[in-house]
Amino acid sequence: MFKITLPDGSSREVAPGTTPANIAAAIGPGLAKAALAARVNGEVRDIMRPFDGDSDLALITARDEADALELARHDFAHVLAEAVQNLFPGTQITFGPATDDGFYYDFAPKERPFTDEDLPAIEEEMRRVIARDEPLVREVWSRDEVRAFFEKQGEAFKAEWVMELPADETITMYRSGGWMDLCRGPHLASTGKLDPQAFKLTRVSGAYWRGDQKNAMLSRIYGTGWLNKKQLDAHLTRMEEAAKRDHRRIGQEMDLFHLQQEAHGSVFWHPNGFVMWRQLEAYMRRKLDAAGYEEIKTPQLMDVKLWEASGHWGKFRENMFVVPDEVPGTDPDKPVLTGTGDLMALKPMNCPAHVQVFKQGITSYRDLPLRLAEFGTCHRNEPHGALHGIMRVRQFTQDDAHIFCTQEQLVAETKAFCELLDSVYRDLGFADYSVKLALRPQQRVGTEEQWDSAEEGLREALRQTGLMDPRYNFEELPGEGAFYGPKLEFHLTDAIGRTWQCGTLQLDPLMPERLDASYIGEDGSKHRPLMLHRAILGTFERFLGILIEHHAGRFPLWLAPVQAVVATIVSDADPYANEVLETLRKAGIRAEADLRNEKINYKVREHSLAKVPNLLVLGKREAEERTVALRPLGTDARQEVLSLDDLVERLKTEMLAPDLR
RNA sequence: GCCGGGUUAGCUCAGCUGGUAGAGCAACUGAUUUGUAAUCAGUAGGUCGUCCGUUCGAGUCGGACACUCGGCACCA
């Protein structure tokens with residue numbers, strides 16, 4: 001007999017062969033119906049899988065949403081696979097897990113990859129599979145049985161996969177009617193537990209077998225899956241809302257920037273967008289000045305010799321733009337370039353140039369730490385498939401800086417950086433961020449002692465800054481560091497819960513060595529400084545993209561491209577409106593006037609859709625009384641009538657950048 | 001780079017099986033002087049991504065290339 005203990009502490013004795021489903025039935029028919037799976041000794045298991053000893057049991061129902069969703073999504077993936085094999089005989093199955101909002105399954109198609117047009121038919125077939133309500137039965141097989149089975153079925157990928165499972169793993173197959181898949185489980189008791197209206201196939205894509213570019217390209221089908229239709233609809237609505245925040249869409253609607261074919265991967269900033277850039281840059285410059293950084297500007301084009309010395313030519317060349325130092329030929333019958341000039345390269349990073357600045361003259365230990373900052377524009381030849389709006393581009397500007405310091409200064413410098421980063425993120429509305437420490441990778445340089453002290457130095461700084469507090473979701477990532485040193489990563493969370501890695505601090509003892517940077521120590525002899533690569537925003541392009549999506553275009557006043565629009569009701573107010581406009585502009589407020597012969601309704605609608613933060617309405621009354629009716633964005637009909645002086649004072653205060661308040 | 005979509009007016013999109021392009025919004029002109037999310041009427045606007053091919057004839061069919069979108073891989 002096994003002793004089964006329930007969450008309320010009660011227990012009961014059951015015979016071997018008893019399943020959680022039996023217990024649920026014994027407790028009551030309601031629970032028997034609601035129970036989807038079981039948590040046995042902490043592990044989620046099939047509800048029909050017999051106990052294998054004394055157990056703690058908690059039955060999982062739809063109320064245990066995270067567990068229930070995970071199970072349902074995993075089942076949807078199986079149903080998808082079965083449906084595809086029904087419709088497309090000869091398609092091989094490979095791998096299909098649950099994801100954050102649904103599931104996918106990778107197939108090796110027999111004839112052609114799947115397209116969006118295949119999805120409706122597959123969805124229908126999935127509903128038929130669900131309607132058949134086949135039990136999902138767990139069976140333990142031997143490795144050789146599984147291999148033989150799949151080889152017979154022509155399932156080469158599954159047959160390959162089973163041979164690579166760890167030797168001690170229990171190999172399980174799941175049977176659903178006549179269909180079988182190699183799967184660890186757990187699953188719901190039958191396909192009929194799924195709500196046929198709670199899923200939607202969303203897209204197709206290619207995906208490499210086992211995630212490796214060298215392997216075959218499989219055809220992946222993605223779906224989103226939920227417990228019921230209401231949840232699915234809510235998710236689809238969220239997706240639509242997220243699409244409305246897309247920076248590419250808002251960039252066009254608000255006339256912030258554009259991209260075009262002839263300069264793909266580089267951004268044309270329009271006046272509206274560049275206003276934001278200038279505000280952000282000016283803000284960062286003030287923060288860096290105050291934090292003891294010195295700003296520099298270094299060359300775009302440098303001789304390949306320097307990139308050879310820094311190591312980029314060896315490790316990063318495929319991502320670099322190389323330019324021959326040669327006068328282009330003008331003879332139409334001859335090639336423009338002969339290829340005889342020395343090679344130069346556009347900088348993909350700023351660090352080697354910063355070391356050159358450090359190396360000018362003799363640096364004493366008294367000069368350290370030396371913090372060299374640059375709003376450095378870099379070019380990287382990114383894979384074309386990676387480009388995305390202004391978030392992933394080929395020309396970008398970093399808020400870059402390199403701190404040259406001694407080993408003893410490491411903790412203090414890291415701590416100071418974390419504090420600066422924290423205050424910037426708070427200022428910019430990203431109080432919610434997480435911190436990760438990437439530790440020594442397999443392939444690395446330096447001694448174990450150097451790594452010990454580097455990693456522990458960063459840990460100590462985090463401890464002192466309080467960033468190991470659980471609210472920063474601190475975690476260490478073993479093996480993820482750069483080959484030359486450990487790395488801090490800062491991931492911020494935006495208004496709709498997505499995370500973006502922006503800030504970084506990388507400890508690099510190698511670059512000063514390679515480029516022969518040294519300082520004279522207290523002992524009168526030469527020493528290698530430590531070098532810290534660090535950025536807070538990452539790049540202006542990407543960070544502005546994040547700000548656009550975070551605020552959905554409704555920017556805080558200090559960033560808003562147009563801060564106020566003066567809109568007239570009658571043309572009699574035009575002269576006064578021009579006067580108001582001029583007063584605002586003289587006060588440094590970014591204002592426009594809308595004197596068009598349109599109704600105020602029309603103007604309110606248009607400027608509201610344009611996300612102008614303040615609408616200043618002027619009619620006959622305001623013109624006579626020399627007042628302004630202020631209608632801030634999003635306040636509907638509520639407005640406030642102010643004197644012109646009061647309005648200017650108010651806007652001037654409200655538009656201060658966060659660090660100036 | 002890889003897989004699958006897409007590229008038609010400033011924007012969003014329609015254009016069936018090949019017969020020299022169409023809507024809404026925006027723009028422009030006129031009327032209207034209006035009080036808080038679309039006043040009415042009219043006008044103009046496109047070598048259909050580029051190149052090559054098939055055809056009497058190509059936005060439409062075929063090929064190549066470019067860009068772009070969704071993923072995969074990449075993000076030192």
Side-chain angles (χ1 to χ4, degrees), chain A residues 99 104 106-109 112-119 202-222 243 246 248-249 252-253 255 258-265 310-320 348-349 351 378 380-389 391-394 396 441 443 481-484 487 489 501 504 506 508 533 538-539 542 567-574 595-610 615-622 629-639 641:
Chain A
T99 63
Y104 66 79
D106 287 346
F107 300 95
R112 56 165 179 87
F114 300 111
T115 74
D116 288 328
E117 287 168 9
D118 296 323
L119 298 183
T202 49
R203 51 185 177 255
V204 295
S205 101
Y208 298 107
W209 167 237
R210 305 176 73 174
D212 191 331
Q213 250 187 109
K214 293 193 284 291
N215 292 341
M217 174 67 64
L218 304 172
S219 185
R220 174 174 297 179
I221 298 178
Y222 281 95
D246 190 305
R248 292 164 299 189
R249 172 173 171 159
Q252 184 178 73
E253 286 169 356
D255 195 18
H258 86 271
L259 298 155
Q260 72 183 48
Q261 199 164 316
E262 291 78 2
H264 72 278
S310 71
H312 289 84
W313 193 246
K315 289 213 183 304
F316 205 66
R317 197 188 327 169
E318 286 181 344
N319 289 288
M320 290 168 69
M349 299 184 202
C351 31
C378 299
R380 291 184 197 173
N381 204 342
E382 301 282 3
H384 287 197
L387 301 179
H388 177 85
M391 300 278 205
R392 188 85 184 268
V393 286
R394 305 207 298 177
F396 52 84
Q443 299 282 330
F483 69 92
Y484 48 75
K487 186 163 85 170
E489 296 175 1
Q501 191 200 320
T504 183
Q506 299 172 25
D508 181 1
H533 307 248
T539 75
R542 189 164 116 103
T568 51
I569 298 171
V570 291
S571 52
D572 288 349
D574 286 2
L595 309 184
R596 289 175 304 171
N597 179 8
E598 294 289 352
K599 287 188 153 185
I600 193 63
N601 283 331
Y602 183 87
K603 296 186 183 181
V604 166
R605 175 180 156 82
E606 196 162 275
H607 298 300
S608 298
L609 289 174
L615 192 59
L616 311 175
V617 180
L618 304 184
K620 203 178 247 176
R621 207 182 309 143
E622 286 77 13
L630 171 64
R631 185 190 199 281
L633 181 62
T635 52
D636 295 331
R638 265 174 290 132
Q639 65 174 358
V641 179

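Labels below follow one simple rule: chain letters A, B, ... track the order of the sequence lines, proteins then strands, and each chain is numbered from 1.
- Close to B:C67, at under 4.0 Å from its OP1 or OP2, lies a side-chain N or O of A:H384.
- Contact annotation for A:K599: base contact, defined as any heavy-atom pair under 4.0 Å involving a base atom.
- Distance noted for atom C1' between B:G46 and B:G63: 26 Å (whole Å).
- The residue A:H388 sits close only to the backbone: its heavy atoms come under 4.0 Å of sugar-phosphate atoms, none of a base.
- In this structure, A:V204 and A:F114 approach most closely via the heavy-atom pair CG2-O, 3.7 Å.
- Taking the C1' atom of each, B:G19 and B:G57 are spaced 7 Å apart, rounded to whole Å.
- No N or O donor and acceptor, one from the side chain of A:Y208 and one from the base of B:G71, sit under 3.5 Å apart.
- Among the duplex regions that RNA chain B forms, those built from at least three successive Watson-Crick or G-U pairs under 3.5 Å are B:1-7 with B:66-72, B:10-13 with B:22-25, B:27-31 with B:39-43, B:49-53 with B:61-65, ordered by first number.
- The side chain of A:V604 sits closest to B:U36 out of B:U36, B:G71, B:G35.
- Sequence order on RNA chain B of the closest nucleotides to A:P348 and A:R203 puts A:R203 first from the 5' end.
- If you measure from atom CD of A:Q639 to atom C1' of B:A37, you get 14 Å, rounded to the nearest angstrom.
- Put simply, A:R210 has no side-chain N or O that comes within less than 4.0 Å of OP1 or OP2 on B:A73.
- Toward the 5′ end of RNA chain B lies the nearest nucleotide of A:G385, the other residue of the pair A:H312 and A:G385 mapping further downstream.
- Counting heavy atoms from C-beta on, the side chains of A:I600 and A:V617 come closer than 4.5 Å.
- For A:G619 against A:E622, the heavy-atom pair with the smallest separation is N-OE1, 2.8 Å.
- When the P atom is used for both B:U55 and B:U60, the distance is 16 Å, rounded to whole Å.
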*Take A:L633 and A:L615 through the side chain to side chain contact (heavy atoms under 4.5 Å, CB included) test and state the conclusion after the steps.*
CA-CA 7 Å; A:L633 181 62; A:L615 192 59; over 6 Å; no
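- The side chain of A:Q252 contributes an N or O atom lying less than 4.0 Å from OP1 or OP2 of B:U12.
- At the phosphate of B:C11, neither OP1 nor OP2 sits under 4.0 Å from any side-chain N or O atom of A:R248.
- Checking B:C72, B:G5, B:G35 against the side-chain heavy atoms of A:I569 singles out B:G35 as nearest.
- Comparing the P positions of B:G22 and B:A9 gives an interatomic distance of 14 Å, to the nearest angstrom.
- Between A:R248 and A:D246, at least one side-chain N (NZ, or NE/NH1/NH2) sits under 4.0 Å from a carboxylate O, which counts as a salt bridge.
- The interatomic distance linking A:L119 (CG) with B:G5 (P) rounds to 12 Å, in whole Å.
- On the P atoms, B:U39 is 10 Å away from B:A26, given to the nearest whole Å.
- Applying side chain to side chain contact (heavy atoms under 4.5 Å, CB included) to A:K603 and the options A:E606, A:K599, A:H607, A:R605 leaves one that passes, A:H607.
- Taking every side-chain heavy atom of A:A386 into account, B:A73 is the closest of B:U39, B:G35, B:A73.
- When the nucleotides B:G4, B:A37, B:C74 are ranked by their closest atom to the side chain of A:V204, B:G4 comes out on top.
- Neither OP1 nor OP2 of B:U36 sits under 4.0 Å from any side-chain N or O of A:N601.
- The shortest side-chain heavy-atom distance between A:L630 and A:L616 falls under the 4.5 Å cut-off.
- A:R392 and A:A386 get closest at one heavy-atom pair: CG-O, 3.1 Å.
- For A:R220 and B:G4, the shortest distance from a side-chain N or O to OP1 or OP2 is not below 4.0 Å.
- Put simply, CZ on A:R596 is 16 Å from C1' on B:C40, counting in whole angstrom units.
- Nearest nucleotide to the A:Q261 side chain, out of B:G35, B:G4, B:A66: B:A66.
- Checking the phosphate oxygens (OP1, OP2) of B:G35, no side-chain nitrogen or oxygen of A:Y602 falls inside 4.0 Å.
- A:P113 comes within 4.0 angstrom of sugar-phosphate atoms only, judged by non-hydrogen atoms across all strands, and of no base.
- The distance between atom CG of A:L259 and atom C1' of B:A66, rounded to the nearest whole Å, is 15 Å.
- Summarising the geometry of A:N215 relative to A:W209, their closest heavy-atom pair is ND2-O, 2.8 Å, with the distance given to 0.1 Å.
- If you check every strand for non-hydrogen atoms under 4.0 Å, A:K603 touches nothing.
- Separating the CZ atom of A:F114 from the C1' atom of B:C3 is a distance of 13 Å, rounded to the nearest angstrom.
- From A:M349, atom CE reaches atom CG of A:N319 across 8.0 Å, with rounding to the nearest 0.5 Å.
- Side-chain proximity of A:V570 to the nucleotides B:U33, B:A37, B:C67 is greatest for B:U33.
- One can place CD of A:E598 at 12 Å from C1' of B:A26, the figure rounded to the nearest angstrom.
- From A:E382, atom CD reaches atom CZ of A:R394 across 9.0 Å, with rounding to the nearest 0.5 Å.
- Residue A:Y222 places at least one side-chain N or O closer than 4.0 Å to OP1 or OP2 of B:C72.
- At whole-Å resolution of the value, CZ in A:R249 and P in B:G10 are 20 Å apart.
- Rounded to a whole angstrom, the distance from the C1' atom of B:A21 to that of B:C2 is 37 Å.
- Using a 4.0 Å heavy-atom criterion, one finds that A:L615 contacts no nucleic acid atom at all.
- Comparing the C1' positions of B:G71 and B:A27 gives an interatomic distance of 38 Å, to the nearest angstrom.
- Here A:S219 lies out of heavy-atom contact (under 4.0 Å) with every strand.
- Each of B:U33, B:G35, B:A73 was ranked by its minimum atom distance to the side chain of A:S571; first place goes to B:U33.
- At most 12 heavy atoms of other shown residues, nucleotides or ligands fall within 6.0 angstrom of atom CD in A:E318.
- Distance from the side chain of A:S205 is smallest to B:G71 among B:U36, B:G71, B:A73.
- Checking B:G4, B:C74, B:C72 against every side-chain atom of A:R392, the shortest atom distance belongs to B:C74.
- When distances run from any side-chain atom of A:R631 to the nucleotides B:G71, B:A27, B:A37, the shortest one goes to B:A37.
- The same atom, C1', is picked in B:C67 and in B:U8; the two are 16 Å apart, to the nearest Å.
- Between the CG atom of A:D116 and the C1' atom of B:G6 there is a distance of 11 Å, rounded to whole Å.
- With hydrogens and angles ignored, a donor-acceptor pair closer than 3.5 Å exists between the side chain of A:E622 and the base of B:G35.
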